Each structure stands twice: as structure tokens, then as C-alpha cells.
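Following: one structure in C-alpha cells, then a few remarks.
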Amino acid sequence: MSERSNFITDIIDADIANGLPASQIATRFPPEPNGFLHIGHAKSICLNFGLALQYGGRCHLRFDDTNPAKEDIAYVESIQNDVRWLGFDWGDHLHFASDYFERMFEIANGLIDKGLAYVDSQSVDEIREQRAGFGKPGTNSPFRERSIEENRDLFAKMRAGDFEDGSHVLRAKIDMTHPNMVMRDPLLYRIRHITHHRTGDAWCIYPMYDFAHCLEDAIEGITHSICTLEFESARELYDWVLDAVGGWDPLPHQYEFARLKLDYTVMSKRKLLRLVEDGTVSGWDDPRMPTIAGLRRRGVTPEAIRAFAEMVGVAKNNTVVDYGKLEYCIRQDLEARTQRAMCVLNPLKVELRNWPKDFVDKLQVPWRPDGDESREIPFSSTLFIERDDFSEEPPKGWRRLAPGAEVRLMGAYLIRCQEVVRGDDGAVERLICTVDLHSRGGQAADGRKVKGTLHWVSEAHAATVSVRLYDRLFSAANPEADPDVDFVTQLNPNSLKTQPDAKIEPAVATCDPGERFQFVRQGYFIADTNDSKPGAPVFNRVIGLRDSWAKAPKTDGRPTRKKAKKRDDKPSNKRTRAEVRSAARAENPALQSAMDHFVGEWKLSESDADLLSADLDLIAFVKAAVASHGTPAPVASWVVNQLLGVIKDTPVASLLCNGTQFGQLVSLVEAGGVSKSAARNVLGHMVESGRDPAVLIDELGVGRQEDAGLVDEAVDAVFTEHPSEVERFLGGDQKLMGFFMGKTMRALRGRADGQAVRTALLSRLK
RNA sequence: UCGGGGAUCGUCUAAUGGCAGGACUGGAGACUCUGAAUCUCCCUAUCUAGGUUCGAAUCCUAGUCCCCGAACCA
């Protein structure tokens, strides 16, 4: 099952490869019940539940209800409703953080017993002050060294309700000088005399997120705890708490991905709430809102949202998704599922001069161009067409109606405009047309082609309905670009236009709330679930059809997106790694003397010497390697360019291989015993196993082969296997050299020099 | 100021030292009883500079830019 692939599935695949049974894979979607879900949450829901489906694991819906001040049971219900509507099932796994309060309390006591937590009795301000700032060490609380007994006693009293809000907190005892601010004795519990929506007044102390969340995961057996990027710094504390408590199996791990951001909207609960409270929108489910409820009311389907989540992918890049992608997914989904109907939004009357008065032709028109089912549409002497479909002075390329022009009325007859009747104000009041009585169904008897096809309704049979035309809520691609400009000033004044007198064909005039249609040549519409009355639907436009005619006057359809303006841009004078090394040398004469030695005696470049003298272990490693090999320069180059890349952040001291072995490897390369590419492979094994290079080369069978026949054989095999590539190369596609090199080198397992292989390939490809 | 992340077509995302691919957008055309849909073709990208390598988006080095973190919020 690899329908989806991203950095999270890579991690899970690796975990499974290391023995984690796929059925044990457990994720969770952990909303706080303090607001409505929006499309950003939908991405997270699709990710977490999708992963569970993909791997045959499970996904929990868990309410992270640790702050009763902001939460409400109403949200608990709306969130469940939204997740279910999106098409996901949590089975038995509906959980609440509040269900674990007792267990968390015990765990906190356990931390106190281990000397890893203490009750602090300072004010918020004092605690904040002691945490100092970025780059500055914090100071310890005067209460940090309270005895275990006193801490237990105080904590029990906190729970018992003996103290007022804010008088005491429980903190983890970690490190007030920790470079990660999150680790400076974080708060674990605070006192809140507030009624909780589930536990009532049973508790007056509530756990903080950083303490509670990892425990919730661990208690539920979550394996992959996926959250958004802003929690990256919190991961260290997540791991600390679980480690401090100990004994978890499986041990959950936190992974972070980029939350969804979309053009032309805002996503923060606070800002959405403001739109609701200001009355800018009609509520959380206003069809213009990016909330799940809003999207649903707008007429968007869960399938479209899931397709969108799939399309935007999962990564760590902080990005903004083009609104057009969402629109594409909505159109694509609705295109496939909707019946077609005719509705004239802005009617213009058409009288047919030569149509038999009072005669009504009952036409059968298919619901979909590709379907068999049809409905009846009455045709009579007076019709409505769209006002926009008539032009007195048509521009070049106009296919619609104009004086003297002929068009097709969809599914009906061809008509020609004979006369324009004006009202007193000079505006076009109605059109007098003639109809080709031999064109029933839309085809001319003489076979002449008519380009334009219009939608229409019969005046006498049409129903009048109210139609709401929605558009993007904001007119600026990034309404939050400038922090000095209130985002509400960026609202799109035309995000809602109501057309109360639209004329609709009788077959859909009595449709049920929730029914969706494509109004031909207009867009996709849904009978609003709230405002429709029986027999009197009110329609919402979900989205308009693409219109390549309307945008023909060359506007670049690509959105112009303003970059977010920074509030204060002060120059960064972060210490660079080079500066850190230089400072270390200034402090430690042993490092400096090694540096001097590398430059003075070994004649290495300043930059290589700088890197190699980073720490004492590395220096010892390099010296041993040079001693074994004999010449500094090649060893230095191999250390810098190969070893540093292989070992990444692992300290040299913890490597299993030593400098002497490394020197041997470099010697073997130079003596021709092993090719460079094979040697890189051997190096990887060496640092992990600590075994001699010669042994590894032997064991892996990657020793260099002088035999030219071996190379030719491999080249032949590659050519025979990929004849079309050979042809393309011979046709001039030079890029394929890399392809052949890769295939051949892999086949040879690096037993020959790249140079030699290239030469062989080139000579055979002549 | 310290720590943690991130930079690939206009947008989103692949490529885990071996043909920079896909989708959206945009452009051109075909088809069409929806100027829709569909189909075909096309434009456009590896942050910069050095280095290692037969070969670098990927490894090393230096630099640039962006995001997050100092709530008794989550």
C-alpha cells in the first residue's frame, strides 16, 4: 500500500522495517474543543486518519480538553460531526484528555518523588522574568529546592482546592539555563477554579499541554504523534516527560508537518471568530467561511476536500497553497456528480414572433450530456435568456445573441434576433426573435452550423428563485501581509451577491434542500440546507464554471501574492559555526596548536585545518589517520568531504572505527585496491561496525577489478536491457550518460573506477 | 541575542549521488448542443558562491533569505 508517500510515511515505513507491526500504527487527531474546525484541520484529519487506513492501524479522535476556560461541550459535538462528515471513523477510540486526569495526577506525583518536579509559589511575572530571554540564562526559583514531602503536600493541597488561582504551580525541574526556552522548568499544572464541561468541579488543577499531550499519546498507545511545525521546540519536552515517567510501550514520537495556509482567506480561530462576531459573515457556517461547516453549507463535498488534502501533500515547507487548487478539486468533483439544469440568473425577455401562440412544446432534455435519464422542459412563445448573452455591439469572437445573429437554445430550437425593444430609459427591454421551426432538438434541417448555445427558460413555466452568488471572502491574496493593516480591510466587497429574481426551469423548482446541480453555463449550485423552504429552494453557488471567454482580455490569471511584511527587521548577528570553532580555539590552546600544526607542518589549507581542529576527538582521529597513511592532504580531503558527511552529528568519540582504519582505507583507494565510489560505501559500513577496511572490502566483494572484460560485460548487459535509452542517447540525448553510469556502476557494485566505466561506455556508444 | 526548522517551475510537491518528474495555474490547438468537461501540445524551477566526485537538487564549506519558540494557551 503506497498510495500516499511523504516524509511521514517514510518514517513509518522505516519503523515497520525495524519491526513495528503495521497493525500497531496509531495516530490521533487531537482538537481542543474551543472552536470550529476549518480546512486546515481537514488536512490534519485526512493525514492522521488516512495513515491509519493506509497501514491498517487506527486513529483516535481525542479532545484535548485541558483548559476549561475556553472550552465548551457544543464544540465537542460540532467537531465530531465534522470529522464524521469528512468520512472518517474513529471506531471505539473517542477519547478525552480529561478522562486521564486522575492518572496524570499520579504521574505528576511520581515526578515529584523522583525529584523531577516541584511546586513553585511565585507569580506569573516572577516566573517569566526568571526565564530570562533568548541567549540569556534564566535563574532558579527560590522554591526550586523544596523537599519532596513539602512538594507532595503542597500539590495535594492544590488539588484539594486549598489555594487560589495563580498562587502555586507545579513545574518540572529541568534546567533554567537550557538554550531551548521550553525546557526552562516548564509548568505542569496550574490552579483553575472553573467548572469543566466534562469533569464538572471534580478538579481545580489542570495539566498544561506539554505535560498532558505526550501522556495522552502514551496512555493510548499512539505511535506517531503528528502535529504542526510550531511544536518543534516542544518535542524536546515531549520526549523528556515520557522518559522521566518511563515504562512506555510503544513509546510515542512526535513529528511535525506544515499546517495548511490558503490564499484569499484567514485561518486563525481568533480571526474567524472576529468575522462572526462583527457580523461580517452570518455565522461559523457562512458559506464563505473556510470552516468545515461553511464549506459544507456552501455545497462542497467531503470527497472534494479529501482530494484537495491529497493534492497539497505533506511536507515541512512553510507554504501557502493557491486557492485555485481548492476550486479545481471542487469543480472536478461536482462535474462528475451533478445533474445539469437551466437557470437564468439575470433574465432578458425573448418573444418568438413566429411561434404558434399558446402552443407549448414539451422537450425531453437529458440530465447529463453523458446520461440516459432526462426531464421535460416546456418551450413556449415567451422565454428568458441571460442578459449577458445578448450584445448589441458584439465584440470579435462573440458567439452569443446579437442583432441579426442566430443561436441555439439548449435542447430546443435555433432562434435569430430580429428586433431590439427598448424601454423608456433606453435600456434593452426585450428581444423579438424568430425561431427555426424545423430545428427541434437543436439541429438545423439544412445542416448549417450554429456556434452559440444558450440556456433559457419559458416565462410561463419558470419559477422565481433566490440565488446567492458567493466569491472569495478576501480580495487580497494575503490579507495578513501587513501587520499594520487590519485584515478586515482586505475583505472582498463582492463576496456575496444575491439574485432574488432568478428564473428556473420547473423540473428543479421544487428540489430538496441539499440537492446540487450544475446550472448550465453558470456553475455549481446547491439548495441551501438552512434557508430553503419546501417547494421554494434558495440556491448557493458553490463555484462558478471556468470561463475562458470572460478572461480572454489578457489578464495574467496568476495571483499576485504580497509577501508578509516583517514588523521589525533587525540584522541578525548569530554566531556562525566558524566563529564558534574560532572561539573554541581561543579558549583551548590544544585546539589552536593542532590548527597551527595542520597549517604549518602539514601544509593544509586554512579552511580544512579550521574544520579538522574543531574538537580534540576529531584531531586525534585525523592524526591517527595521517600516521597510518603517511600523507596529510588526501586524508584531510577524505575527512572533510566524506567522513563529515557520513557521520553527520554523531560525535567522533562514539564512532566504532578509528583513525588508523580510516587512514588504511584512504591508502587502499590510492593503491588502487578499491575505487573511490566503493570506498565511500565501505566507509559507511566501517563507522557502524568498526571493522578493518580490507576485511569489509573483501566481504562486500567490492575490491577493484583490473579485468577490463568485467566492465565491458556490465556495459553490454545495461545496453541490452535498455535499448530505447541507447537509441535516445545516440539521437543526441546526452543526459542519459548519468543513467547508464548509474546502472553500470550499480551492476559492478563500484568494483571499477567511474572514469574507466565512463570511457568504456563512451567508446561503446560511438 | 540563543535554540529549532525550512529554501526545487508563478503555486504545491517528487526525485534519498545517476534522465529534475507530477499536479494546479498560464499559453496554443482539437472537439463540443455548456466559451464547461474531455483530449493534444507548450512555457516555466534546484537560494548564492566555492569544494568533493566520472557524475551533485542531494555530500562538505561559507554566505543569503524565510518561519517557529521566552502564555499559569493548545
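Small disclaimer: the values here were computed from a predicted structure and weren't measured. Each chain gets a letter, A, B and so on, in the order the sequences are listed, and its residues count up from 1. The basis for the numbers below is simple: all heavy atoms, side chains too, and nothing from hydrogens, waters or symmetry mates.
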Pairwise N/O distances under 3.5 Å, protein to nucleotides 48-50 of chain B:
none

Run the salt bridge (charged side-chain N to carboxylate O under 4.0 Å, His left out) test against [X] and tell me which residues pass, sequence neighbours left out.
X: A/Asp65; result: none
X: A/Arg408; result: none
X: A/Glu335; result: A/Arg340
X: A/Asp753; result: A/Arg704

Inset, instruction - Answer with yes or no whether A/Arg680 presents, from its side chain, a donor or acceptor under 3.5 Å of a partner atom in the base of B/G55. - result: yes
If you check the [X] side chain, which of [options] turns out closest?
X: A/Arg190; options: B/C72, B/G5, B/C12; result: B/C72
X: A/Glu230; options: B/A71, B/C73, B/C68; result: B/C68
X: A/Glu32; options: B/A74, B/G35, B/U25; result: B/A74

Inset, instruction - Could you work out the separation of B/A49 and B/A56 based on their C1' atoms and round it to a whole Å? - result: 15 Å
Legend entry - All side-chain contact (heavy atoms from CB on, under 4.5 Å) counterparts of A/Ala212, not counting sequence neighbours: A/Thr66, A/Met104, A/Pro207, A/Glu216
Inset, instruction - Go through the structure and list residues passing side-chain contact (heavy atoms from CB on, under 4.5 Å) with A/Glu327, not counting sequence neighbours. - result: A/Tyr323, A/Arg331, A/Arg472, A/Ile543
Under 4.0 Å from OP1 or OP2 of [N]: is there any side-chain N or O of [X] that close?
X: A/Asn317; N: B/A7; answer: yes
X: A/Lys648; N: B/C60; answer: yes
X: A/Arg128; N: B/A71; answer: yes
X: A/Ser548; N: B/A36; answer: yes
X: A/Ser677; N: B/U53; answer: no
X: A/Ser123; N: B/C72; answer: no
X: A/Arg399; N: B/U32; answer: no
X: A/Arg131; N: B/C72; answer: yes

Inset, instruction - Kindly express the pairing pattern of RNA chain B in dot-bracket notation, using | wherever a base pairs with another strand and counting only Watson-Crick or G-U pairs under 3.5 Å. - result: .((((((..((((....[..)))).(((((.......)))))....(((((..]....))))))))))).....
Inset, instruction - Name the nucleic acid region contacted by A/Lys743, choosing base, sugar-phosphate or nothing; use a 4.0 angstrom heavy-atom cut-off, strictly under. - result: nothing
Legend entry - Pairing residues for A/Arg400 by the side chain to side chain donor-acceptor pair (under 3.5 Å) criterion, not counting sequence neighbours: A/Asp389
Inset, instruction - Sequence neighbours left out, what passes side chain to side chain donor-acceptor pair (under 3.5 Å) with A/Ser121? Give chain and number order. - result: A/Arg146, A/His168
Distances under 3.5 Å only, N/O to N/O: pair up the protein atoms with those of nucleotides 20-24 of chain B.
residue, atom, partner, partner atom, Å
B/C24, OP1, A/Tyr328, OH, 3.0

Legend entry - ring-ring contact (aromatic ring centres under 6.0 Å, His included) involving A/Tyr328 - partner list, sequence neighbours excluded: none
